[in-house]
Amino acid sequence: VNGEGKRLFSTPEAVSAIINALSKYATTPESIQGLVRAISRICQNNPEGTRLFSTPEAVSAIVVALREYATAAESVE
């Protein structure tokens, strides 16, 4: 994964946009899977990304989305 891309997406604004998309627009197992994979890639070996996606708001949005739409095992791989 591109280190520069991780850095660019490791800002409060980018995290807010991703969490907003997760909360409002990700309404299928496939869309949840795509956003969760993106979050995982941003956080991998990236302390700043991990910190930003570890806020109570971000974690809550991820958990809600997974509970609501991740209906198949493939959705959370």
Side-chain angles (χ1 to χ4, degrees):
V1 177
N2 180 327
E4 178 66 12
K6 283 185 182 187
R7 187 185 68 73
L8 292 172
F9 280 96
S10 295
T11 65
E13 296 81 14
V15 171
S16 179
I18 292 168
I19 295 303
N20 184 50
L22 186 63
S23 299
K24 293 183 180 177
Y25 305 111
T27 58
T28 66
E30 296 79 15
S31 60
I32 296 296
Q33 182 181 34
L35 284 169
V36 169
R37 281 185 177 171
I39 293 168
S40 175
R41 288 181 181 139
I42 292 167
C43 293
Q44 185 180 17
N45 299 318
N46 180 7
E48 184 62 13
T50 300
R51 184 184 71 76
L52 289 168
F53 278 104
S54 295
T55 64
E57 297 81 13
V59 172
S60 177
I62 293 166
V63 169
V64 167
L66 289 174
R67 279 191 188 146
E68 202 163 323
Y69 298 108
T71 59
E74 300 81 34
S75 300
V76 293
E77 287 182 348

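If you're wondering where the values come from, they're calculated on a predicted model, not measured in any experiment.
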Check: For the residue pair T50 and C43, what are the closest heavy atoms and their distance?
Finding: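 For T50 and C43, the tightest heavy-atom pair comes out as OG1-O, 3.0 Å.
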Check: Which atoms form the tightest heavy-atom contact between A61 and I19, and what is the distance?
Finding: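 Between these two residues, the closest heavy atoms are CB-CG2, 3.5 Å.
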Next item on the list: With sequence neighbours left out, write down each residue that passes salt bridge (charged side-chain N to carboxylate O under 4.0 Å, His left out) with E4, or none if nothing qualifies.
Entry: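 By the salt bridge (charged side-chain N to carboxylate O under 4.0 Å, His left out) rule, E4 matches R7.
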Note to self: If the condition is salt bridge (charged side-chain N to carboxylate O under 4.0 Å, His left out), which residues does E48 pass it with, not counting sequence neighbours?
What the structure shows: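 Counting only residues at least two positions away or on another chain, E48 forms a salt bridge (charged side-chain N to carboxylate O under 4.0 Å, His left out) with R51.
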Margin query: Go through it in stages, so that I can follow the logic: the residues are I18 and I42, the test is side chain to side chain contact (heavy atoms under 4.5 Å, CB included), and I'd like the CA-CA distance, side-chain angles, deciding distance and then a yes or no.
Written below: CA-CA 11 Å; I18 292 168; I42 292 167; 3.7 Å; yes
Next item on the list: Calculate, to the nearest 0.5 Å, the distance between atoms CG and CD belonging to L66 and Q33 respectively.
Entry: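 Output value for this atom pair is 11.0 Å.
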Note to self: To the closest 0.5 Å, what do you measure between CD1 (I39) and CG (L22)?
What the structure shows: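 Nearest 0.5 Å value for the CD1-CG distance: 5.5 Å.
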Let me have the donor-acceptor pairs involving side chains of residues 9-16, under 3.5 Å, with sequence neighbours excluded, atom names and distances please.
{"unit_1": "S10", "atom_1": "OG", "unit_2": "K6", "atom_2": "O", "d": "2.6"}
{"unit_1": "S10", "atom_1": "OG", "unit_2": "N46", "atom_2": "ND2", "d": "2.7"}
{"unit_1": "T11", "atom_1": "OG1", "unit_2": "A14", "atom_2": "N", "d": "3.1"}

